[in-house]
Amino acid sequence: MADVKTIAHALTQIGLLRPDGSILDDEDGFLAAISPLDRVTLVELARTSPGVTSYEVVDCRGGTAVVVAVTSFEQARAWQVRGLAALVAGSKSAIAVCRLSPTGVQRRLQAFGEAFGLSPAVMRVLVALYEHCDVRDAATAAGVSFNTARGYLNEARATVWAPNLPRLITWAGVGSFASDASGESDHPVADLFSLSERQRQLAGLIADGLSRVEAARSLGISEAVAKKELAAVYAATGVTNATGLARIFAELRGLAIVTRSHSGPPEPYPPPPSRNLVLTDSDGRSIAVSDYGPRGGKPVLVLHNTMNCRGVDRSLVRALQASGYRPVSSDRPGYGETDPPPQHSHGQAYLDVCVRDIALICQELRWGRISVIAHGPVHVALALYRARPDLLDRVVIDAPEPDSAYGAATGGMMSELKRQFARRPWAVASVVSILSALASYERVSSLMRDWTATSPSDRAAMGDPALMMDFYRKLVPFRKGKIDGFVREQVLQATMGKPAPIPGTSGITLVVGQTDFMHDADENLSYWKEVLPDARLVKIADAGRFISYTHPERLVAELARRP
């Protein structure tokens, strides 16, 4: 992946102002298009808000309104843009001003479309919609009829799983930031337009594609109150529809990302206590491990899903510890805080590195044998089972993942995503980068409510703020650009095909929830019955996908069960 600062600079324009508002450095020429009075206003804004990045809307030549970020030169050194010292030497008293580059935005949107395989014609209309926030105006700008533009946009929505145009604009605008997106925040919108906290939350949900009814329900307010608050938001921001609101949020979220003005979501529900260890292999790679204790418990290695990083949710930690176990979780190669494997390590070579890492953990912690709970990654568990059976006691795999191409059931966005990977494995890195940038706490919470709608137990789990924070915490490294292992495992899932039958696996138990929203339960069990004919297969009628969150005691019972 390209250097963050290089990417961010390609997407931004930056200049420096003197304390009197005159231009000190303006390589891209955008400061010259701002009136002298507005430049003085920007300097005053920075002077009266020391130590923070502020935001302002200014009029450029031609009447175009532009959102900019402004702060002192020293404060701007933390921005994800090129080193400001290279602009003008000795400019400590200068004021830095940053905007998103118009041509950079177009390049970002084009890259977004290419990642999802959108045609050039569809992308022209999408870019026009982003710029004009109206389908008729977008059609005119793209030189096509209204019906053609609407058809192209419907195609784009279906491809990127956007239920409406605001979601499409948000995903294209924010997801196309190929950099550390952990600084994304909606607070700049509230600061700039003087929105209340409830107005900010409501507007953010609408920009992310929720209907007014859905947003009201999410915030626990009536539809009438939501309607009144949203009218106030439109009046404050000067836009007239949800698509325009999505564009404003995309611009300001983008500026928040590159200027890193706000930290991530607060953690009112801290993770279960653990001791974090960093082991080093013979090649000098770091392997990150979280040990939840107690030290005298029976060791259980908890393997994370292919689509998140290490961490054991609080419900499973409690259930394991109550039964005398010691849960331990590690980041696999290229995930979270564990270093990637050698560049050439793909497929079986990648799995070999996974096995060596686990063997090293056992060696360093002086474990003779361990049990394993795997949240989905059967390929890793089987690689360990084949290569180091001497290390294993019991293996329990919940929500086992078949290869990405398998299954007739639709299963929503995540299942379709895996099928897209199976069709276009070369595009995995680009798509994963986009989806990682979109994974803010608020957006993930909202999406999980949608995706778990068909599974009562999963919906209840994602509605629990403590469990939702446990879930989100395991996604945070992806927002920081750490997706190497994620990409390798998704490509592996997309290309490995169905494994040949593996006899002699009576020490493995597979647990499936009847209402798993990604895979049909019976279809999934049938798949694994053919692959692992001797394994124990369990279906839980009132469980969905997040079995460790909702039925941790069942996993512990299976762990303790003897053939």
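- Remark: side-chain polar atoms of Tyr234 are paired, donor with acceptor, to backbone N or O of Ala242 under 3.5 angstrom.
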*Any chance you could lay out the side chain to side chain contact (heavy atoms under 4.5 Å, CB included) test for Thr454 and Arg459, step after step, and finish with the verdict?*
CA-CA 8 Å; Thr454 59; Arg459 186 168 65 246; over 6 Å; no
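- In this structure Asp522 satisfies the salt bridge (Lys or Arg N to Asp or Glu O under 4.0 Å) test together with Lys539, sequence neighbours excluded.
- Val491 has its side chain out of reach of Tyr350: every pair of non-hydrogen atoms, C-beta onward, lies at least 4.5 Å apart.
- Put simply, the side chain of Arg108 gets close to the backbone of Gly173: a donor and an acceptor are under 3.5 Å apart.
- A 4.5 Å side-chain heavy-atom check between Phe249 and Thr170 finds every atom pair outside the cut-off.
- Summarising the geometry of Ala172 relative to Leu109, their closest heavy-atom pair is O-CD2, 3.5 Å, with the distance given to 0.1 Å.
- The structure places CG of Asp28 at 4.5 Å from CD of Gln13, a figure rounded to the nearest 0.5 Å.
- One distance of note links CG of Asp208 with CZ of Arg443; it measures 4.5 Å at 0.5 Å rounding.
- A search for ring-ring contact (aromatic ring centres under 6.0 Å, His included) contacts involving Phe478 returns Phe486, not counting sequence neighbours.
- Using modelled atom types, one side-chain atom of Asn308 and one backbone atom of Asn305 make a donor-acceptor pair closer than 3.5 Å.
- Side-chain atoms of Thr53 and Trp79 include a donor-acceptor pair closer than 3.5 Å.
- Counting non-hydrogen atoms of other residues, nucleotides and ligands closer than 6.0 Å to CD of Glu197 gives a total above 12.
- A distance of 10.0 Å separates CG in Asp403 from CG in Leu492, rounded to the nearest 0.5 Å.
- A salt bridge links Arg488 and Asp484; the closest N-O separation between the charged side-chain nitrogens and carboxylate oxygens is under 4.0 Å.
- We find the CZ-CZ distance between Arg99 and Phe30 to be 7.0 Å, quoted to the nearest 0.5 Å.
- Among residues two or more places apart in sequence or in another chain, the ring-ring contact (aromatic ring centres under 6.0 Å, His included) test is passed with Phe471 by Phe546.
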_side-chain hydrogen bond (donor to acceptor under 3.5 Å, both in side chains) evaluation trace for His379 with Glu401_ = CA-CA 8 Å; His379 53 286; Glu401 283 287 338; over 6 Å; no
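- Across Met496 and Pro402, no two heavy atoms sit closer than the pair CE-C, 4.5 Å.
- The main-chain N or O of Ser211 is found under 3.5 Å from a side-chain atom of Glu214 such that the two form a donor-acceptor pair.
- Side-chain atoms of Ser433 do not come within 3.5 Å of backbone N or O of Ala429 as any donor-acceptor pair.
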Could you go through residues 128-135 and list every donor-acceptor pair under 3.5 Å that involves a side-chain atom there, pairing it with any protein atom two or more places apart or in another chain?
| from | atom 1 | to | atom 2 | distance (Å) |
| --- | --- | --- | --- | --- |
| Tyr130 | OH | Glu251 | OE2 | 2.5 |
| Glu131 | OE2 | Gln106 | NE2 | 2.9 |
| Asp134 | OD2 | Arg136 | N | 3.0 |
| Asp134 | OD2 | Asp137 | N | 2.9 |

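- With a 6.0 Å cutoff to the six-membered ring centre and a 45° limit on the axis angle, Arg332 counts as a cation-pi contact of Tyr335.
- Taking all atoms of both residues into account, the shortest heavy-atom contact from Ala427 to Ala115 is CB-O, 3.9 Å.
- Among residues at least two apart or in separate chains, salt bridge (charged side-chain N to carboxylate O under 4.0 Å, His left out) pairs with a member in residues 422-434 are Glu416-Arg423.
- Between Leu42 and Glu56 the shortest side-chain heavy-atom distance falls below 4.5 Å.
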*Could you go step by step and tell me if Asn147 and Arg150 meet the side-chain hydrogen bond (donor to acceptor under 3.5 Å, both in side chains) rule?*
CA-CA 5 Å; Asn147 286 336; Arg150 187 169 58 180; 3.1 Å; yes
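- The salt bridge (charged side-chain N to carboxylate O under 4.0 Å, His left out) pairs that include a residue from residues 226-235 are Arg198-Glu229, where partners are two or more places apart or lie in different chains.
- Taking each heavy atom of Lys474 and Gly311 in turn, the nearest pair found is CD-O, 3.4 Å.
- At distances below 3.5 Å, at least one donor-acceptor pair connects side-chain atoms of Asn164 with backbone N or O atoms of Gly209.
- Panel note: side chain Asp542, backbone Ser457; no donor-acceptor pair is recorded below 3.5 Å.
- The minimum heavy-atom distance linking Thr71 with Ala76 is given by the pair CG2-N, 3.7 Å.
- Asp26 places a side-chain N or O within donor-acceptor distance of the main-chain N or O of Leu31, the cut-off being under 3.5 Å.
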*Working for side-chain hydrogen bond (donor to acceptor under 3.5 Å, both in side chains), residues Ser455 and Arg545*: CA-CA 8 Å; Ser455 176; Arg545 182 160 191 80; over 6 Å; no
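- Note that CG of Leu219 is 11.5 Å distant from CZ of Arg217, once rounded to the nearest 0.5 Å.
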*Could you go step by step and tell me if Asp464 and Tyr549 meet the side chain to side chain contact (heavy atoms under 4.5 Å, CB included) rule?*
CA-CA 10 Å; Asp464 182 321; Tyr549 290 70; over 6 Å; no
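- Between Leu245 and the options Ile169, Val189, Val233, a side chain to side chain contact (heavy atoms under 4.5 Å, CB included) holds for only Val233.
- Under the 4.5 Å side-chain criterion, counting only non-hydrogen atoms from C-beta, Thr12 is in contact with Leu100.
- Proximity of Glu223 to Arg212: side-chain heavy atoms (C-beta onward) are separated by under 4.5 Å at one or more points.
- The shortest side-chain heavy-atom distance between Leu435 and Trp171 falls under the 4.5 Å cut-off.
- Taking the side chain as every heavy atom from C-beta outward, Met468 and Pro465 never approach each other to under 4.5 Å.
- Counting heavy atoms from C-beta outward, Val512 and Pro400 have side chains that approach closer than 4.5 Å.
- For Arg39 (side chain) and Gly21 (main-chain N/O), a donor-acceptor pair under 3.5 Å exists by modelled atom type.
- Once rounded to the nearest 0.5 Å, the distance linking OG of Ser185 with CG of Leu255 reads 12.0 Å.
- A donor-acceptor distance shorter than 3.5 angstrom exists from the side chain of Arg479 to the backbone of Ala439, with no hydrogens or angles considered.
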*asked:* Is there a side chain to side chain contact (heavy atoms under 4.5 Å, CB included) between Leu447 and Trp161? Walk through the geometry before answering.
replied: CA-CA 11 Å; Leu447 290 174; Trp161 318 290; over 6 Å; no
*Can Gln490 and Met307 be said to form a side chain to side chain contact (heavy atoms under 4.5 Å, CB included), step by step?*
CA-CA 8 Å; Gln490 292 304 321; Met307 302 186 78; 3.4 Å; yes
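- Nearest heavy atom pair, residue Val174 against residue Ala250, reads CG2-CA, 4.0 Å.
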